[in-house]
Protein chains: 2
Amino acid sequence: MDDYLSSVDDAVADLAQDRGRLGRSSTAERVADILRDRISEGFFEPGQRLSEEAISEALGVSRNTLREAFRLLGHERLLDHRLNRGVFVRVLSAEDVADLYRVRRVLEGAAVRRPPSKQALELIAEAVADAERAAAADDWQAVGTANIRFHQALVTANQSPRLDEAMRQLLAELRLVFHVMANPRDFHEPFVQRNRRLFDLLQDGRLDEAATFLDGYLDEAEQLLIRAYEPNR
Amino acid sequence: MDDYLSSVDDAVADLAQDRGRLGRSSTAERVADILRDRISEGFFEPGQRLSEEAISEALGVSRNTLREAFRLLGHERLLDHRLNRGVFVRVLSAEDVADLYRVRRVLEGAAVRRPPSKQALELIAEAVADAERAAAADDWQAVGTANIRFHQALVTANQSPRLDEAMRQLLAELRLVFHVMANPRDFHEPFVQRNRRLFDLLQDGRLDEAATFLDGYLDEAEQLLIRAYEPNR
DNA sequence: CTTGTCGAATTGTTCAACGATCCTTACGTT
DNA sequence: AACGTAAGGATCGTTGAACAATTCGACAAG
C-alpha cells in the first residue's frame with residue numbers, strides 16, 4: 001500500500017511540472033506574443049510607430065487591452081514608450097549593442113566556467129548539430145536561430161531560472177539588431193565551427209580554455225555587428 | 001561670433017542630458033512607484049492580495065490605470081498576477097532565495113573580478129562608511145539600506161546599465177524576504193565589517209582574493225536568510 | 001528665418017457595463 | 001467522511017465611449 005501511495009504521489013509530483021501552462025492566457029498576453037513575434041521577425045521595423053487605433057482594430061481588441069500588451073513589451077525593452085507620443089519599436093544604439101555584449105560576457109562567461117550538467121550538454125549539442133545541419137543546407141536564417149539556441153543553452157549551465165530569463169530577453173533585444181545585417185550568411189557562418197569547438201572544450205572539461213575562447217568569440221561577434229550597425233545612425 | 005554660437009551649442013548639448021526626466025511621469029508609473037515603496041517597506045505583506053477596486057479608489061485612479069501599474073510591478077516580480085484571481089504580493093520560496101543568490105554570485109562576482117573605476121570605488125566607499133555610521137548609531141534599518149547600496153555599487157563596476165538594472169530588480173525582490181528576519185541586527189551587523197574588508201581588497205587590486213571572499217560572504221548571507229525563512233512555508 | 005498661433009490627430013485617463021471565472025457555502029450522493 | 005453538484009456573490013477581464021492633455025505640422029506674422 002505504501003508503494004501504491006508513493007507511486008501516486010510521484011505521478012502527482014510529475015504533474016506539477018505542467019502547472020505553468022494552466023494560468024497562461026489573457027488577451028493582453030496573447031496580443032503581446034503576437035507583437036513580439038512580429039517584431040523579432042522584422043515585420044515591424046525598429047523606429048516604427050505602432051498606432052494604438054490601427055493595431056487594436058486590426059487585432060480586434062480594445063485599446064485598453066492593447067495598451068497592457070504594450071506595457072509588457074515595453075518592459076522587455078522591445079518597445080519604446082514615449083509619453084503622449086506613442087510606442088515605437090525599439091531602436092538600439094551602438095552603445096546598447098556594446099552593453100548587450102557586456103552582459104553576455106558576464107552571463108555566458110559564468111556559465112562556461114562551471115562544469116555543465118549532462119542535460120545542459122545535451123541541449124548545447126543539439127543546437128550545435130542543428131546549426132551545422134542548417135549550414136549544410138544553406139539555410140542561414142535557420143543557422144541564426146540555432147546559434148541563438150546554442151547560447152541560450154550555454155546559459156542553462158548556470159542552473160538559474162532568472163539568468164535563463166535574462167538571457168531570453170537579451171537575445172530578443174539582440175534580434176532587433178540582427179536584421180541590419182544585409183547578408184546573414186556572413187554573420188552566422190563563422191560561428192558554426194566555433195560553437196562546435198566551444199562544445200568540445202566544455203565536454204572535455206577544459207573550462208578555462210572555453211572561457212578565453214568564448215571571450216574572443218564574443219569580441220568578434222560584437223565587432224562584426226557594430227561595424228555593420230554604426231553607419232546608419 | 002563663432003565663439004558665441006559654439007557656446008550656445010554647448011549649452012544646448014548639456015541640456016540634452018536632462019531629456020530623460022521629461023517623459024518620466026504617467027499616472028500609472030507614479031502609482032507603480034507608490035506601490036513599490038509600500039511593498040518594499042513591508043506595508044503590504046507577501047501573499048497579501050491587492051484589490052483593484054479598493055486600491056484604485058484609495059489612490060483616486062481608475063481601475064485601468066491601476067492595472068497598468070500592476071503589470072509594471074508584475075514584470076519586476078514584486079507582484080504575482082494570477083488570472084481571474086487578482087494580484088498578490090509575491091511570496092518567495094526558498095528556491096527563489098537560492099536563485100537570487102545564484103544571480104548575485106554571477107553579477108557581483110563578475111564585477112569584483114574587474115578593476116573598479118575611481119567612480120565605482122567612491123560609491124562603494126560611501127556605502128561602507130554609511131553602514132558603519134548607522135551601525136554605530138544602532139540604526140539597523142539604515143545599516144540594511146546601506147548594505148544594499150554597497151552591493152548595488154559593487155555591480156556598478158561592470159559598467160553596464162543593464163546589469164545595474166538587473167541588480168536593482170534583484171535587490172527589490174530580496175527586500176521581500178528581508179522582512180522575515182525578526183531581528184534585523186543579527187542579519188545586518190556581521191556584514192558591516194566584511195563590506196569594509198571587501199572594499200579594502202578591491203582598492204588594493206587584490207581581485208582574486210576579493211572574489212573568493214565575496215563567495216564566502218554570499219554563502220553565509222544566503223544560509224542565514226534561508227535558515228530564518230524555510231520554517232514558515 | 002524665427003516665432004506665435006491654430007487645429008487635427010493621437011495619446012492618457014476615466015467611467016460604466018457585461019460576461020467570465022473563481023471562491024464559498026450548502027446540499028445531496030455514495 | 002469523502003466527493004460531486006449547484007447556486008450565489010465577489011472580483012477580474014475586456015470592451016466601448018468619452019473627454020482632457022499633449023504633440024505635431026501648417027500657416028501667418030514679425
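Throughout, a chain's letter reflects where its sequence line sits, starting with A, and its residues are numbered from 1.
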Check the surroundings of atom [atom1] in [X]: do more than 12 heavy atoms from other residues, nucleotides or ligands lie under 6.0 Å from it?
{"X": "B:Gln119", "atom1": "CD", "answer": "no"}
{"X": "B:Glu41", "atom1": "CD", "answer": "yes"}
{"X": "B:Gln48", "atom1": "CD", "answer": "yes"}

**OP:** Mind listing the closest non-hydrogen atom pair of A:Ala166 and A:Leu107 along with its distance?
**Re:** CB-CD2, 4.3 Å

Original post:
Do we see a donor-acceptor contact under 3.5 Å between the side chains of A:His151 and A:Glu108?
Top reply: yes

**OP:** Using only heavy-atom distances, determine whether the side chains of A:Glu95 and A:Ser93 contain a donor-acceptor pair under 3.5 Å.
**Re:** yes

Subject >> Nucleic acid contacts of residues 56-79 of chain A, taken as heavy-atom distances under 4.0 Å to DNA chain D >> reply: A:Gly60, A:Val61, A:Ser62, A:Arg63, A:Asn64, A:Thr65

Subject >> Nearest-Å distance for atom pair CZ/P, residues A:Arg82 and C:dG12 >> reply: 12 Å

Original post:
Does B:Phe191 reach the side chain of B:Leu224, with side-chain heavy atoms less than 4.5 Å apart?
Top reply: yes

Pull out every protein N or O sitting under 3.5 Å from an N or O of nucleotides 5-11 of chain D, one pair per line with the distance.
from: D:dT11; atom 1: O3'; to: B:Arg49; atom 2: NH2; distance (Å): 2.7

Original post:
Taking five pairs at each end, how big is the angle between the two axes of the helix from C:dC1-D:dG30 to C:dT30-D:dA1, to 10°?
Top reply: 30°

Any carboxylate oxygen within less than 4.0 angstrom of a Lys/Arg side-chain nitrogen, looking at [X] and [Y]?
{"X": "A:Asp96", "Y": "A:Arg90", "answer": "yes"}
{"X": "A:Arg30", "Y": "A:Asp33", "answer": "no"}
{"X": "A:Arg168", "Y": "A:Glu165", "answer": "yes"}

**OP:** Output yes when at least one side-chain N/O atom of A:His81 is less than 4.0 Å from OP1 or OP2 of C:dG12, else no.
**Re:** yes

